[in-house]
A.B. asks: 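Shown below is the structure under consideration.
All chains are named by letter (A, B, ...) in the order of the sequence lines, taking the proteins before the strands, and each is independently numbered beginning at 1. As the structure is a prediction and not an experimental result, all values here were calculated from the model.
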Amino acid sequence: MTKSDSHQTENTPRDRSVESLEALPSDFVESLSGRVASLQQALLAWYAQQGRDLPWRQTRDPYAIWISEIMLQQTQVKTVLPYYERWLRQFPTVTALAQADQQTVLKAWEGLGYYARARNLHRAAQAIVADHGGEFPSTFDAAIALPGIGRTTAGGILSAAFNQPVAILDGNVKRVLARLIALRTPPSKALDRLWLWSERLLPTDNPRDFNQALMDLGATLCTRHRPACLLCPWQSACAAYNQNVQLEIPMTEARAPLPHKQIGVGVVWNEQGQILIDRRLQEGLLGGLWEFPGGKIEPGETVEDCIRRELQEELAIEVEVGDRLMTINHTYTHFKVTLNVFHCRHTAGEPQPIECDEVRWVEVSELEEFPFPKANSQIIDAIKAL
DNA sequence: TACCCGTGGGT
DNA sequence: TACCCAAGGGT
């Protein structure tokens, strides 16, 4: 471990040293640094007039703000709104969340995606009850120690709930700052510099409104496409605008095309008209959610062969594969799938949870009680319509 | 440090 | 269509 590593880990705020800003032309850094107070005032004035009215801004309850911050990770405001309202009615306090069972928590999260966020929220609530008397901690070190809370989320919560001067660097702020300094590399290659600017610009007297304003600027004016530079309070200082490169910044990195997997899925019926579902392992994709059993079709294998093999390997049952129920295409973050869904008749074997956490027979009317991934909702709808 | 982890909307 | 992106964190 080097000397600098010993006191700078990924999750702790960096020093506000001017040295690290030297990758930019020194005259520009000097110019921008001299305008910090002016930029702060301009943004806060704009926010007072044009800031969004969002429900989590009408409270200073750190629990409610925490919930909003987690839901908003990689998720648009419009998507979050109904989930946020429902969640606070269902789990109004840290203690209520801690005492719920995980299936109830995942059901409330169903459809939002990135389900580790819900599992971590649940674990963190239990940690807050155990270690902090049920009150969300008010220090950076305690907050960031909780599962699911990184540097940006900790800053978002502490500044919004307690008005603490802790910087943030979410997608909005990265884009705004990258344009402000005309960053010539993808933001992921310059996180240190972006963090420094976020800290440098943050006023100590009103960090709450400033962080919110910075995010609103990115979400409403400094958008990826068609940025409204003519309305921007930072227009005159913005290096990208002054060089007319705002559409090229932030720069993006090329990505490999997504692999496509063919999946065989069985809707397995027993003599009582019940259906077999299983609960996925806690770790990995869709952890803790329920699904209709199946798996990847191997090269040269028919869908029917695949379903028979997977149900034997994963659940130790034998089935007779019947008619195709439907075909579903779905895109995940790192791959695409085609779900080939077939009716199956259970013929032998007591289902065993070999490669899942739990397996059970359920009535059609019970399906909606279980949290399922979005790609399975069409299957449920089709079964209920039979 | 790359890579993993969902879903809906915009272009 | 296919791709990008949206209030990131864990490993």
A.B. asks: Which word best sums up how the rings of A/Phe136 and A/Trp66 line up, parallel for under 30°, tilted for 30 to 60°, or perpendicular for over 60°?
C.D. replies: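 Tilted: the ring planes of A/Phe136 and A/Trp66 meet at 30° to 60°.
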A.B. asks: At less than 4.0 Å, is any side-chain N or O atom of A/Tyr115 found next to OP1 or OP2 of B/dT7? Yes or no.
C.D. replies: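 Indeed, a polar side-chain atom of A/Tyr115 lies that close.
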A.B. asks: Are any of A/His334's side-chain N or O atoms less than 4.0 Å away from OP1 or OP2 of B/dC4?
C.D. replies: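 Yes, within the criterion.
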A.B. asks: Identify the stems formed by DNA chain C, where each pair is Watson-Crick or G-U wobble with both distances under 3.5 angstrom and a stem is at least 3 consecutive pairs.
C.D. replies: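 As far as DNA chain C goes, consecutive pairing (with distances under 3.5 Å) yields the stems B:2-5 with C:8-11, B:7-11 with C:2-6.
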A.B. asks: Can you tell me if A/Arg52 has over 12 outside heavy atoms packed within less than 6.0 Å of its CZ?
C.D. replies: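 Atom CZ in A/Arg52 is crowded, with more than 12 foreign heavy atoms closer than 6.0 Å.
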A.B. asks: Using a 6.0 Å cut-off, check whether atom CD of A/Glu358 has over 12 heavy atoms from anything other than its own residue.
C.D. replies: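 Enclosed: over 12 neighbouring heavy atoms sit under 6.0 Å from CD of A/Glu358.
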A.B. asks: With heavy-atom distances below 4.5 Å as the criterion, would you say the side chains of A/Gln282 and A/Asp357 are in contact?
C.D. replies: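 They are in side-chain contact.
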A.B. asks: Provide, to the nearest angstrom, the distance between the CZ atom belonging to A/Arg179 and the C1' atom belonging to C/dC5.
C.D. replies: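 So the CZ-C1' distance, A/Arg179 to C/dC5, works out to 12 Å.
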A.B. asks: Scan residues 54-70 of chain A against DNA chain B and write down, sorted by residue number, each residue with any heavy atom closer than 4.0 Å; if none is found, say none.
C.D. replies: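 Result for residues 54-70 of chain A: none.
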A.B. asks: Categorize A/Glu253 for me: base, sugar-phosphate, or nothing, with a 4.0 angstrom heavy-atom threshold over every strand shown.
C.D. replies: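 Here A/Glu253 touches no strand at all.
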A.B. asks: Suppose you measure atom P in B/dC4 against the same atom in C/dA7; what distance do you get, rounded to whole Å?
C.D. replies: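 It works out to 24 Å between them.
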A.B. asks: Any salt bridge between A/Glu301 and A/Arg309, counting N to O under 4.0 Å?
C.D. replies: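 Judged by the 4.0 Å cut-off on N to carboxylate O distance, A/Glu301 and A/Arg309 do form a salt bridge.
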A.B. asks: A/Tyr84 vs A/Trp56 aromatic rings, parallel, tilted or perpendicular, using cut-offs 30° and 60°?
C.D. replies: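 Taking A/Trp56 first and then A/Tyr84, their aromatic rings stand perpendicular (interplane angle over 60°).
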A.B. asks: Do A/Thr79 and B/dG8 share a donor-acceptor pair, side chain to base, under 3.5 Å?
C.D. replies: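 No.
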A.B. asks: I'd like to know if the side chain of A/Gln164 reaches the main chain of A/Ser138, judged simply by a donor and an acceptor atom lying under 3.5 Å from each other, with no hydrogens or angles considered.
C.D. replies: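 Yes: the side chain of A/Gln164 pairs with the backbone of A/Ser138.
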A.B. asks: Find the distance A/Leu286:CG to B/dT7:C1' and express it as a whole number of Å.
C.D. replies: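 Rounding to the nearest Å, CG of A/Leu286 and C1' of B/dT7 are 11 Å apart.
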A.B. asks: Given the rule in the ring pair (Phe, Tyr, Trp, His ring centres under 6.0 Å) test, do A/His330 and A/Tyr332 qualify, once you have shown the distances and angles that lead to the verdict?
C.D. replies: CA-CA 7 Å; A/His330 192 80; A/Tyr332 292 101; 4.7 Å; yes
A.B. asks: Taking 4.0 angstrom as the limit, do A/Lys189 and A/Glu253 come out as a salt bridge?
C.D. replies: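 The answer is yes: the pair qualifies as a salt bridge.
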A.B. asks: Could you give the CZ-to-C1' distance, from A/Arg255 to C/dC5, as a whole number of Å?
C.D. replies: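 A/Arg255 atom CZ is separated from C/dC5 atom C1' by 8 Å.
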A.B. asks: Could you check how far CE of A/Met71 sits from C1' of C/dG8, rounded to whole Å?
C.D. replies: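 After rounding, the reported distance stands at 16 Å.
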A.B. asks: Rounded to the nearest angstrom, tell me the gap between atom CZ in A/Arg119 and atom C1' in B/dC4.
C.D. replies: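 A/Arg119 atom CZ is separated from B/dC4 atom C1' by 12 Å.
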A.B. asks: To the nearest angstrom, how far is A/Gln74 atom CD from B/dC4 atom P?
C.D. replies: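 Atom-to-atom, A/Gln74 to B/dC4, this comes out as 16 Å.
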A.B. asks: For A/Leu285 and for A/His225, locate the closest nucleotide of DNA chain B by heavy-atom distance; then report the residue assigned to the nucleotide nearer the 5' terminus.
C.D. replies: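 Nearest nucleotide further toward 5': that of A/Leu285.
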A.B. asks: Taking A/Arg151 first and then A/Glu199, would you say they form a salt bridge - that is, a charged N and a carboxylate O separated by under 4.0 Å?
C.D. replies: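 Judged by the 4.0 Å cut-off on N to carboxylate O distance, A/Arg151 and A/Glu199 do form a salt bridge.
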A.B. asks: Does A/His330 place a side-chain N or O at less than 4.0 Å from the phosphate oxygens OP1/OP2 of B/dG6?
C.D. replies: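 No, no such contact exists.
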A.B. asks: Quickly work out the A/Arg151 CZ to C/dG9 P distance and round it to whole Å.
C.D. replies: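 Rounded to the whole Å, the gap is 11 Å.
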A.B. asks: Nearest heavy atom decides the nucleotide; on that basis, is A/Arg226 or A/Gly287 closer to the 5' end of DNA chain B?
C.D. replies: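 Whichever sits nearer the 5' end wins; that is A/Gly287.
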A.B. asks: Any residue in residues 213-224 of chain A with a heavy atom nearer than 4.0 angstrom to DNA chain B? Just list them by number, or reply none.
C.D. replies: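 Contacts with DNA chain B under 4.0 Å: none.
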A.B. asks: Among the candidates B/dC5, B/dT7, B/dG8, find the nucleotide nearest to the side-chain atoms of A/Gln76.
C.D. replies: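 For A/Gln76, the side-chain atoms sit closest to B/dG8.
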A.B. asks: Going by heavy atoms in the side chains, are A/Gln246 and A/Cys238 under 4.5 Å from each other?
C.D. replies: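 The answer is no, as the side chains (C-beta and beyond) never meet within the 4.5 Å cut-off.
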A.B. asks: For DNA chain C, whose closest nucleotide is more 5', that of A/Arg52 or that of A/Asn120?
C.D. replies: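 The answer here is A/Arg52.
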A.B. asks: For the side chain of A/Thr152 and the base of C/dG9, is some donor closer than 3.5 Å to an acceptor across the two?
C.D. replies: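 Check fails, no donor-acceptor contact within cut-off.
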A.B. asks: To the nearest Å, how far apart are A/Arg175 CZ and C/dC5 P?
C.D. replies: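 Rounded to the whole Å, the gap is 9 Å.
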A.B. asks: How do A/Arg117 and A/Met251 order along DNA chain C: which one's closest nucleotide is nearer the 5' end?
C.D. replies: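 The 5'-side residue here is A/Met251.
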A.B. asks: Return the nearest nucleotide to the side chain of A/Thr333; candidates are C/dC5, C/dC3, B/dT7.
C.D. replies: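 The answer is B/dT7, which lies nearest to the side chain.
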A.B. asks: How is A/Leu112 classified with respect to the nucleic acid when contacts are heavy atoms under 4.0 Å: base, sugar-phosphate, or nothing?
C.D. replies: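 A/Leu112: base contact, heavy atoms under 4.0 Å.
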A.B. asks: Do A/Thr327 and A/Thr338 have side chains that get closer than 4.5 Å, going by heavy atoms?
C.D. replies: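 Yes; the side chains approach each other to less than 4.5 Å.
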A.B. asks: Expressed as a whole number of Å, how far does the P atom of C/dC4 sit from that of B/dC3?
C.D. replies: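 15 Å, rounded to whole Å.
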A.B. asks: Would you indicate what A/Gly156 reaches in the nucleic acid, counting non-hydrogen atoms under 4.0 angstrom: base, sugar-phosphate, or nothing?
C.D. replies: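 It contacts nothing in the nucleic acid.
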A.B. asks: Please work out if A/Pro147 contacts a base, only the sugar-phosphate, or nothing of the nucleic acid, heavy-atom cut-off 4.0 Å.
C.D. replies: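 The answer is sugar-phosphate, as A/Pro147 gets under 4.0 Å only of primed atoms, P, OP1 or OP2.
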A.B. asks: For B/dG8, does OP1 or OP2 lie under 4.0 Å from any side-chain N or O of A/Lys374?
C.D. replies: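 So the side chain of A/Lys374 is within the cut-off, an N or O lying under 4.0 Å from OP1 or OP2 of B/dG8.
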A.B. asks: What is the ring orientation for A/Phe370 with A/Trp290, classed by angle as parallel under 30°, tilted 30 to 60°, or perpendicular over 60°?
C.D. replies: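 Because their plane-to-plane angle is over 60°, the rings of A/Phe370 and A/Trp290 count as perpendicular.
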A.B. asks: Is A/Lys296 salt-bridged to A/Glu310, cutoff N-O under 4.0 Å?
C.D. replies: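 Looking at A/Glu310 together with A/Lys296, the answer is no, because their closest N to O distance does not fall below 4.0 Å.
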